[in-house]
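Data block below; observations after.
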Amino acid sequence: MARNSPLDDPQTAAFAWARYRRIMRFMLLITVGVVALAIALLYDGESAASIHYYIAIALGIGFTMLLAGALMGLVFLSSGTGHDDSIDDK
């Protein structure tokens, strides 16, 4: 029989999800900075690359970093609240 998860408590869940949103805001700021840096390093003004190249680079880096941040944030949320410890796997 599985024990109750600490996330079943509304106060614990509210705190955990607030921390998750804070992590995601931080990752969004880092992502914007990394995308701007990548575009600045790649743009030289004289290449034949079209605007679509830079859009693809920005979207690729942005989505990858935000997905990685979201998944890592969920790992932190699950582990930090004790949700992982409530699973009984014999």
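Scope of the values below: all heavy atoms of this structure, side chains included, with no hydrogens, waters or symmetry mates.
- In this structure, Ile55 belongs to a hydrophobic cluster whose other members, linked by side-chain heavy atoms under 4.5 Å apart, are Ile51, Leu59, Phe63.
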For residues 19-36, run the donor-acceptor check on the side chains, cut-off 3.5 Å, and write out each pair with its distance to 0.1 Å, sequence neighbours left out.
unit_1	atom_1	unit_2	atom_2	d
Arg19	NH2	Phe76	O	3.4
Tyr20	OH	Ala70	O	3.4
Thr31	OG1	Met27	O	2.7

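- In the hydrophobic clustering, Leu67 connects to Leu71, either directly or through intervening members, whenever side-chain heavy atoms lie under 4.5 Å apart.
- Linking Ile, Leu, Val, Met, Phe, Trp and Tyr whenever their side-chain heavy atoms come within less than 4.5 Å leaves Leu66 and Ile57 in two separate clusters.
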For a quick test of your reading: what N or O donor-acceptor pairs under 3.5 Å do the side chains of residues 38-45 make, sequence neighbours left out?
unit_1	atom_1	unit_2	atom_2	d
Asp44	OD1	Glu46	N	3.2
Asp44	OD1	Ser47	N	3.1
Asp44	OD1	Ser47	OG	3.4

